[in-house]
Each structure stands twice: as C-alpha cells, then as structure tokens.
Amino acid sequence: MSLVTMKDILKYTQQSHCGVGSFSVVSMEMVMGTIRAAEELHSSIILQVAEVRLKYCPLDLIGPVMIQAAQKAKVPVAVHLDHGLKVETIRQALELGFTSVMLDGSQLPLEDNIARTLEVIRLAKKYGASTEAEIGRVGGSEDGSEEIEMMCTDVHDAKRFFEATGVDALAVAIGNAHGMYKDKPCLQFGRLADIHQAVEVPLVLHGGSGLTTEDFRGCIKNGIKKINVQTATLNKIIENVQLLFQQKQKVEYFDYQQCVIDAACENVRNHIQAFQSNHQV
C-alpha cells in the first residue's frame, strides 16, 4: 500500500481489465478529495501535477503534500510529474520523492524526443522512479492556453520509440485533447489497437475530461492503462462551489474548503468507477 511507482501500479493493471486514474491536483483540498475517493473504492491511483501548473502551486509546496498523502494512503498511490518540460524541474520532482516523471518531447523530431527521453530515464533510474513519454501530439495545451494541433501517433514511430527507450508508459494521440472537447470526440480505436499490438508497453490517454464511460472502456480494451483527468475535476469544483454560495447566505471558509474536497472526491469517484479499477486492491 501507500507510495509506489507508476510502473508497479501499471503492472497490476496489466493483469486486469481496468485502467488506473491519474488525477491532476493543484491544492491540498484536491489531494484530500482524490485520496478519499480512492480509499472508499479500494482503487490504486496516480496523483499528478503538470509543470505548466506550477506557477499556481509551486512544486516545493504541492509536492510534499502529494507525497505525504500517498505515504499515508490505505491504497497504492504513485506521485507523478506530468508534462515535464525542463530536466531541472524533473530533477527537482525526483529529489522531492516523486515516483514517476514524464518528459514531454512530443513536439520534437522523433530522434530528438528519443535522446531527451533517454536522458530522463537515466536520471529517473538513479531515484528508482518510473518514466512516461509521448509520441504524437495530443490536441490543445495542458493549461488550455494554446490551440495545439493534434497529430495522431504513427504506429511505426511508436514502435521505434519504445524499442530505443524502453520507457515504462507511452502516451499516444488518437483524437484525444487536453481540456474539455469543443466537439464530440472521435477517438481512433483502430489506430490505438494497432499501436497496442506493435508496442508492448502500457499506453496512456491524456485528455480524459469529457469522454464517456464507453470511450474510456473502449480505450482500456485496446491497451490504455493510465488515464489522465484534470479539467473535469476543476469544473466539478467550480460547479459545486457556485451552488454552495447560491444555497447559503453566509459561507464560512471551512464550508468552502469542505465543498472543494467533496467535489474532487465526487469526480474522482465517478472516473474510478468508469475505469473499473474500484475494488481492485
């Protein structure tokens, strides 16, 4: 139980027909709600924070909160740096005790992406941490500030990348996008199945917010084992906080704080059930 590596969690999901939720957090309240949902449903999870979010929640503050919560959890929890952009940030996360890191080299030429990923893998191994990388480009940016064009993952590129790096998890682009989808998502399950057949590594779906339970389970069936969720949690918090202020004339700070915890818990609980990882530990 408690703090484990991403590789350990994904190894467990390989033996079952479920996916593991990788939930982005930017506050202590979100951490508390996420852990509570995982414990209630007896599910392993991944707590993560993306580098672009660190301007709102500095790594040296949010990182120890995430790690301490994972260590005390009653279920297995990995702590992951999502979309790492700079080796310096990845190193800082590893020194804090993160058990998993991602280098996002998806906008680089393939060989440059391989070279940078190998650099991070060598670094992570010194700390006993797992690694994730990305091939292809998921639409939109992690913080919603850019309209990044989606580029579906090429099967041969994925195979070449994994053979060259041996990364522990590989994020792919199959029509998924960060943030909420502006139109109905059109996921390319055939492309995903081909990648899964060609590459013997747990696959990762970024842009989980806004997908249906059917979408999630179709992805899991075709090799997705780690599913990232952020925007749906943030939106649920905003929705519930607005409702709180509408229903009560006077809101105490701790009413607000509990509302955030409960909203995060509710959204994480719903996604864990969609991923079918409940009652797995």
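Residue pairs satisfying the salt bridge (Lys or Arg N to Asp or Glu O under 4.0 Å) criterion with at least one member in residues 192-209, sequence neighbours excluded, are absent. Sorted by first and then second residue, the salt bridge (Lys or Arg N to Asp or Glu O under 4.0 Å) pairs with a member in residues 23-39 read R36-E40, R36-D262; sequence neighbours excluded. Counting only residues at least two apart or in different chains, ring-ring contact (aromatic ring centres under 6.0 Å, His included) contacts with residues 90-123 are absent. Residues in residues 229-247 take part in these salt bridge (Lys or Arg N to Asp or Glu O under 4.0 Å) pairs, two or more places apart or across chains: K236-E239, K236-E266. Within the structure, ring-ring contact (aromatic ring centres under 6.0 Å, His included) contacts touching residues 258-281 (residues at least two apart or in different chains) are H42-H279, F216-H271, F216-F275, H271-F275.
Judged as a side-chain hydrogen bond (donor to acceptor under 3.5 Å, both in side chains), and not counting sequence neighbours, the contacts of K159 are E163. Qualifying salt bridge (Lys or Arg N to Asp or Glu O under 4.0 Å) partners for E111, counting only residues two or more places apart in sequence or in other chains: R160. Partners of E88 according to the salt bridge (Lys or Arg N to Asp or Glu O under 4.0 Å) rule, which considers only residues two or more places apart in sequence or in another chain, do not exist here. Listed by chain and residue number, E51 satisfy the salt bridge (Lys or Arg N to Asp or Glu O under 4.0 Å) test with K86 (two or more places apart in sequence, or in another chain). Taking F162 as the reference, V167, V199, V201 meet the side-chain contact (heavy atoms from CB on, under 4.5 Å) condition, with sequence neighbours excluded. Every residue meeting the side-chain hydrogen bond (donor to acceptor under 3.5 Å, both in side chains) condition with T233, not counting sequence neighbours, appears here in chain and number order: N267. For K248, the salt bridge (Lys or Arg N to Asp or Glu O under 4.0 Å) partners at least two apart in sequence or on another chain are D255.
No side-chain heavy atom of K225 sits less than 4.5 Å from a side-chain heavy atom of V20. Side-chain contact between V120 and V101 is present, with at least one heavy-atom pair separated by less than 4.5 Å. Looking at heavy atoms from C-beta onward, I227 lies out of side-chain contact with L211 at the 4.5 angstrom threshold. With contacts defined as side-chain heavy-atom distances shorter than 4.5 Å, the pair H83/H206 qualifies. V49 is not listed as a side-chain neighbour of D82, based on a closest heavy-atom distance of 4.5 Å or more. Contact annotation: the side chain of E95 approaches that of Y127 to within less than 4.5 Å [non-hydrogen atoms, C-beta and beyond]. You'll find the side chain of I62 stays beyond 4.5 Å of the side chain of V26, heavy atoms only. At a threshold of 4.5 Å between non-hydrogen side-chain atoms, the residues I174 and C219 count as touching.
For the residue pair T5 / T99, no side-chain donor-acceptor distance below 3.5 Å is found, with atom types taken as modelled. A donor atom on one side chain and an acceptor atom on the other are found under 3.5 Å apart for S24 and Q48. No side-chain N or O of T153 forms a donor-acceptor pair with one of D157 less than 3.5 Å apart. Looking only at atom types and distance, the side chain of E132 has a donor-acceptor partner in the side chain of H80 under 3.5 Å away.
The backbone N or O of I46 sits nowhere less than 3.5 Å from a side-chain atom of K226 that would complete a donor-acceptor pair. Side-chain N or O atoms of N222 include none that pairs as donor or acceptor with a backbone N or O of L192 at under 3.5 Å. A donor-acceptor pair under 3.5 Å links the side-chain atoms of D168 to the main chain of T131, judged by distance alone. A donor-acceptor contact shorter than 3.5 Å is absent between the side chain of R116 and the backbone of G105. Here the side chain of D215 pairs a donor or acceptor atom with the backbone of T212 at under 3.5 angstrom. Judged purely by atom type and a 3.5 angstrom limit, S130 uses its side chain to pair as donor or acceptor with the backbone of K7.
One distance of note links CG of L61 with OG of S27; it measures 12.5 Å at 0.5 Å rounding. Atoms OG and CD1, from S44 and I9 in turn, are 5.0 Å apart once rounded to the nearest 0.5 Å. Rounding to the nearest 0.5 Å places CG of N240 at 9.5 Å from CD of Q247. Separation of atoms CD1 (I90) and CG (L59) is listed at 11.0 Å; rounding is to 0.5 Å. Atom CG of L203 sits about 12.0 Å away from atom CD1 of I220, to the nearest 0.5 Å.
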Report the C-alpha distance between V268 and V229 in whole Å, list the side-chain angles of each, state the deciding distance to 0.1 Å, and finish with yes or no for side chain to side chain contact (heavy atoms under 4.5 Å, CB included). CA-CA 9 Å; V268 171; V229 177; over 6 Å; no
Trace of the side chain to side chain contact (heavy atoms under 4.5 Å, CB included) decision for E119 with L123: CA-CA 6 Å; E119 179 184 357; L123 176 63; over 6 Å; no
Intermediate values then yes/no, side chain to side chain contact (heavy atoms under 4.5 Å, CB included), L85 and V52: CA-CA 8 Å; L85 303 173; V52 293; 4.1 Å; yes
Under the criterion side chain to side chain contact (heavy atoms under 4.5 Å, CB included), I'd like the reasoning laid out for T165 against L170: C-alpha separation, chi angles, the key distance, then a yes or no. CA-CA 10 Å; T165 64; L170 185 62; over 6 Å; no
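Note on M102 and L118: separate hydrophobic clusters, where clusters join Ile, Leu, Val, Met, Phe, Trp and Tyr whose side-chain heavy atoms are under 4.5 Å apart, directly or indirectly. Note on L244: it clusters hydrophobically with F254, by side-chain heavy-atom contacts below 4.5 Å among ILVMFWY residues. When the side chains of ILVMFWY residues are joined at heavy-atom separations under 4.5 Å, either directly or via intervening members, L108 and V172 end up in two distinct hydrophobic clusters. Y253 and V251 fall within a single hydrophobic cluster, where Ile, Leu, Val, Met, Phe, Trp and Tyr are joined by side-chain heavy atoms under 4.5 Å apart, directly or via other members. Using a 4.5 Å cut-off between side-chain heavy atoms of Ile, Leu, Val, Met, Phe, Trp and Tyr, with links allowed through other members, M30 and I272 fall into the same hydrophobic cluster.
The local environment of CD in Q197 is sparse, with at most 12 non-hydrogen atoms from other residues, nucleotides or ligands closer than 6.0 Å. Atom OH of Y256 has 12 or fewer neighbouring heavy atoms from other residues, nucleotides or ligands inside a 6.0 Å radius.
Closest of all the heavy-atom pairs between Q276 and Q280 is O-NE2, 3.4 Å.
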